[in-house]
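Please read the structure below before turning to the comments.
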Amino acid sequence: MLSQEQNEKLVRTGPGTPMGQLFRRYWIPALLAEEIPEPDCPPVRTKLLGEQLIAFRDTDGRIGLLDEFCAHRTASLFFGRNEECGLRCSYHGWKYDVEGNCVDMPSEPEDSRFKDKIKLRSYPCVERAGVIWAYLGPEGTQPPLPELEWATLDADQRFVSKRWQESNYLQAMEGGIDSSHVSFAHRYNIDTDPMHAGTPGLEYLKADTRPKFEVAESDGGLVIGARRVADDENYYWRITQWIMPWYTIIPPFGTHNPLGAHAWVPIDDENCWAWSINYHPTRPLTEPELESMRAGEGIHVKYVPGTYRPLANRDNDYLIDRQAQRERRSFSGVEGISAQDFSLQESMGTIADRTKERLGTSDAAIILARRRLLAAVEDLEEGNPLPGTEPVHQQVRSASLVLPNSVPFHEGASSALVARPGQEFVSI
Amino acid sequence: MLSQEQNEKLVRTGPGTPMGQLFRRYWIPALLAEEIPEPDCPPVRTKLLGEQLIAFRDTDGRIGLLDEFCAHRTASLFFGRNEECGLRCSYHGWKYDVEGNCVDMPSEPEDSRFKDKIKLRSYPCVERAGVIWAYLGPEGTQPPLPELEWATLDADQRFVSKRWQESNYLQAMEGGIDSSHVSFAHRYNIDTDPMHAGTPGLEYLKADTRPKFEVAESDGGLVIGARRVADDENYYWRITQWIMPWYTIIPPFGTHNPLGAHAWVPIDDENCWAWSINYHPTRPLTEPELESMRAGEGIHVKYVPGTYRPLANRDNDYLIDRQAQRERRSFSGVEGISAQDFSLQESMGTIADRTKERLGTSDAAIILARRRLLAAVEDLEEGNPLPGTEPVHQQVRSASLVLPNSVPFHEGASSALVARPGQEFVSI
Amino acid sequence: MLSQEQNEKLVRTGPGTPMGQLFRRYWIPALLAEEIPEPDCPPVRTKLLGEQLIAFRDTDGRIGLLDEFCAHRTASLFFGRNEECGLRCSYHGWKYDVEGNCVDMPSEPEDSRFKDKIKLRSYPCVERAGVIWAYLGPEGTQPPLPELEWATLDADQRFVSKRWQESNYLQAMEGGIDSSHVSFAHRYNIDTDPMHAGTPGLEYLKADTRPKFEVAESDGGLVIGARRVADDENYYWRITQWIMPWYTIIPPFGTHNPLGAHAWVPIDDENCWAWSINYHPTRPLTEPELESMRAGEGIHVKYVPGTYRPLANRDNDYLIDRQAQRERRSFSGVEGISAQDFSLQESMGTIADRTKERLGTSDAAIILARRRLLAAVEDLEEGNPLPGTEPVHQQVRSASLVLPNSVPFHEGASSALVARPGQEFVSI
């Protein structure tokens, strides 16, 4: 349970808010590269941390991420012409380069220097792993580029999607560090999901619904051990990585299956982007795997055509199927791992009221993640280094393994929790 | 005309409001029994007096009406599994019985006593007359169960429906105690409506549009006599019962036709449930009558499929038919007694601004009903008995009759205004 | 750039606001006459300057424009019966004449004088040029009737349409006095639009995107000269008239083509009516011209059926066609002169934030128009005459002409800028 004040501090990420200022010190997954697929393609509107932005790729392939609205009379650059190394407003032809500089002002006299005074807010971007990453913080404060394992693999080893979630980022992210709900919300789909089917450990997950949590601070966030009984002498550990400020890695289901990861990025305080990534550190994804991901299975979704909105959404009660619920084909009646999560998360209201929650021992990771976020706000205020900003903070892995009861998971799993290029990950 | 302050006091019914506290001292028609038709059926969301609730019927047939949101992390119990005598949240499996007790907490350790501390807000319910009635007031303050005549008849003697009205309850209820509008809004349909056709008295209703009102306080609310000229020596009286806090009974159209009654129950301050009941105290409803009611005729409506929203609604201008209006098939152009009412009531705005109204003598009942509601708020504050809570307050009938000019309606109609089981009601 | 306070003063036009009080001193184009086409036709809801109104034409053809809501219990007169020289509320039959007098109150006793105390707010209306004009100001302050040239021509010489624009009036009107955007937003459609095709001057418009503005106060508003280079010795002048408070006249494209004009009328602070008029002072419009206008070409639009909402609207991204944008068939990708404007104007937000704009020399007319509006607010406060209220202020024309560099446009164009009945207008 949080005070209203604590909750507000955690959920508000607009310009000038404490959490908003913190998040602006990290690279942000802003768009799929495919949204601006080629030079001079149409500009794309996006919103991040409450800021309305326009993204485009110029003639030379450079990426621009600017204030959506022309500096002149505030028309949207969505209608802009992207041509000859700049985005030209359709209203009076003012043209901006990827840095926001006004490079042409054809409505003003030839000898006017007015354009030299005009600069749109712009944010540096990099493309990596099929994602456009943006930095919305003050100049000169950029951390190193993201080195999450999935972001550094060859293109054929990963699949990245995003979807619009109609809730605050925090309740979405809290689902990502919550091993406990897997035994319930996904109970009847653990076996049937294509990324889980036939993998060891599922029986423990279903049999022991009462995981004990051991959560440790990592350099970049938290290492969250959820321990279930395997047999009299052994525990089945599912170890989740949470990397500041919004990355999670799902513990693996077998070494053959791809890993799963997420990023939970605020659009504004009532909406977020849920990024879903499958990747395999040591092999290309297979065509059947890719087909299944493209079809919206597993942690991905089917979309309302032409949008990133899930087809199952709040307007249609997530296509809930009471018959499937009754027949134990779905615990909640909602189909699909992803929709099973976001239907519940969105049902909390666009911003969950954490003054009403009653947390148990299974919420240990959530409690600590909130603390760590609030502590990082203080770190920023005091000028301390920020967890999760360094590559080494990000080069981590989740793991699933069975350890003797007597072995603490940090010891038993320690080497499994580091991402080493080319090295197999650890899963029973 | 009311002051803004008076209007606010009358229309606001959320937790903690004066009128909300009053209404919480009465049994509330909450759902149709058919919404939760059988043990372990899907749970149903509902909202009453601004409170978001979940209703379910457990394995043993007991009815639960709980806070919609799980005490744990506030996910909606709409996604809950209703099984084995409780509703289980789909997120982490917390399970609640019909009293809101957390009876299972499978995400916490076996030996945890945490669940014993968890109790969801819950409200007692009874099923009567095809309606689930709920009591939202403080424990220990429940009045006797509802004994409205229609609520005590055999099932084959009544038909109950509900519809969503997109306005505050008060302007809806005011329509129900307003005999005057019948001569206008329903003018061209009095003859054609299946429940009125061919009954005596209609000619008076159409000929004399200027009823004189005589309104008396009853134990449970008001007895509202509307007097029209029958002939030189006689008056045609239509006598409406208003039973606190929101029940109305339409004066009858002949003794053969079923009676009509309503309940006007706040969903929140901008919406209400309009309950519509036909019943006959001394005979079963006929199959043709039931067919007509099921088809949405008379005081019932046709629905947007899968909802309780009328097919004719504000989004489609109530399917107004100007040709029908011109040709005197409908006074307002809207079809159906019910839609003729709620179209006008909703057109006042979601909360009517009573600081702008100009009331006439025909509004006497409305003025007194408001006063009685406000007086009952004071009664509650002072610990006095509340009108409408006792069975004898509710066992009343409306009546339609012709009396000599010299006979006061209380005298002439007195025995007609009491509901006596098995006894014919009074109507010309 | 404006201060927030200045912007607020300009954009707010509801009752009691400074700009609202000013606008109420002018005749307002309220409805198309065709909306209430004949005596006793259905009443029509409309909203002007934030006031919800009902318009009707009585049995004798008189026009009524009243408060939308019945004085009795505030039901909407949209459901009213328009018959026998008055609009009768469908709830209790109160009837109003075109002046808002309650002329019948059939729900009250015959001898009641209550109706004599009841009067709905009503506004005088006149019909002229296919438009119902209303005066919303205080009694006794009406200026002469509108004498804009298009409003005084024979019916066959003009075509008038209106459309709903989802933005404040001011950003819409600013587009109308902004010659500069024509070289951009409409660049690839200047040649192809049926009202422009093949007319002289287009080549200057396209070649010189940097018009110099010379703006002069006129008696009624502003005369806005936009000067482009024609050749070494001559300028091509496009001279726009802005007539207070919201009329604009597009400079002509050839003398054969009809002229174009607009009115930008606040519905409320977030919406406006964009009126579009084509007219020819010396000849009837041809059938092909009328067909094209009825089809929504040129400055008119295609509608969502049954509404005045453009088919291309914010909900469908104005049917933007990126291929057409790329292939230079449309500068912004939006089709149609009108939609090219309002798409950009609406993209600024419902109320443009003028604290963020950066105005250039091409915005001279906009700057002066704002000043003139604010000055007129002071004129009103000081009891001075108001610009644009007198017929002579309105009897003006725009013009397009080529003048030697040495000739100031006031001199070269002076006679061209006056509307003289039967006299050809001036355009190259």
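Computed from heavy atoms alone, side chains included, the values below leave out hydrogens, waters and symmetry copies. Every chain is numbered from 1, with letters handed out A, B, ... down the list of sequences.
- Within the 4.5 angstrom heavy-atom criterion, only side-chain atoms of A:I320, from C-beta onward, approach chain B.
- A:S330 touches chain B through its backbone: at least one of N, CA, C or O sits under 4.5 Å from a heavy atom, while the side chain does not.
- For chain B, the nearby parts of A:R326 are the backbone and the side chain; heavy atoms of each come within less than 4.5 Å.
- A cation-pi arrangement, defined by a distance under 6.0 Å to the six-membered ring centre and an angle within 45 degrees of its axis, is present between A:R322 and B:F78.
- For chain A, the nearby part of B:D40 is the backbone; its heavy atoms alone come within less than 4.5 Å.
- Atom-to-atom distance recorded for B:C70:SG and A:R358:CZ is 11.0 Å, nearest 0.5 angstrom.
- With hydrogens and angles ignored, the 3.5 Å screen pairs no side-chain donor or acceptor of B:R73 with any backbone N or O of A:A352.
- Atom NZ of A:K356 sits in a sparse spot, with 12 or fewer heavy atoms from other residues, nucleotides or ligands closer than 6.0 Å.
- When all heavy atoms of B:S107 and A:S180 are compared, the pair lying nearest together is CB-OG, 3.6 Å.
- For the set A:S343, A:P211, A:G333, A:G349, the count of heavy-atom pairs under 4.5 angstrom toward chain B peaks at A:S343.
- Within 6.0 Å of atom CD in A:E335, 12 or fewer heavy atoms from other residues, nucleotides or ligands are found, so the atom counts as exposed in its surroundings.
- Interface remark: B:E110 contributes backbone and side-chain atoms alike to the contact with chain A (heavy atom separation under 4.5 Å).
- A donor-acceptor pair under 3.5 Å is formed between the side chain of A:T209 and the backbone N or O of B:P106.
- Applying the 6.0 Å contact sphere to CD of B:E99 captures no more than 12 heavy atoms from other residues, nucleotides or ligands.
- Of the atoms belonging to A:Q345, it is side-chain heavy atoms, and not backbone ones, that fall under 4.5 Å from chain B.
- Neither the backbone nor the side chain of A:S183 comes within contact range of chain B; no heavy atom of the residue lies under 4.5 Å from a heavy atom of that chain.
- The environment of B:E38 atom CD is dense: over 12 non-hydrogen atoms of other residues, nucleotides or ligands sit within 6.0 angstrom.
- The candidate from B:C89, B:S76, B:C41 with the greatest count of non-hydrogen atom pairs under 4.5 Å with chain A is B:S76.
- Taking a 6.0 Å sphere around CD of A:E233, one finds it holds 12 or fewer heavy atoms contributed by other residues, nucleotides or ligands.
- Heavy atoms of B:Y91 lying under 4.5 Å from chain A belong to its backbone as well as its side chain.
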Criterion side chain to side chain donor-acceptor pair (under 3.5 Å) on A:D363 and B:H92, from CA distance to verdict: CA-CA 10 Å; A:D363 301 300; B:H92 303 88; 5.1 Å; no

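- The candidate from A:R187, A:K212, A:R328 with the greatest count of non-hydrogen atom pairs under 4.5 Å with chain B is A:R328.
- A donor atom on one side chain and an acceptor atom on the other are found under 3.5 Å apart for B:E108 and A:T361.
- Contact annotation for A:V334: only side-chain heavy atoms (C-beta onward) come within less than 4.5 Å of a heavy atom of chain B.
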Test A:F331 against B:F79 for ring-ring contact (aromatic ring centres under 6.0 Å, His included), laying out the working first. CA-CA 9 Å; A:F331 199 79; B:F79 298 102; over 10 Å; no

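- The part of A:D353 that comes within reach of chain B is its backbone (N, CA, C, O), which places non-hydrogen atoms under 4.5 angstrom from that chain.
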Stepwise side chain to side chain contact (heavy atoms under 4.5 Å, CB included) test for A:L344 and B:S90: CA-CA 8 Å; A:L344 286 160; B:S90 270; 4.2 Å; yes

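- The existence of a salt bridge linking B:R45 and A:D317 is confirmed by a sub-4.0 Å separation between a basic side-chain nitrogen and an acidic carboxylate oxygen.
- Looking at B:R81, its side chain does come within 3.5 Å of a backbone N or O of A:Q325 through a donor-acceptor pair.
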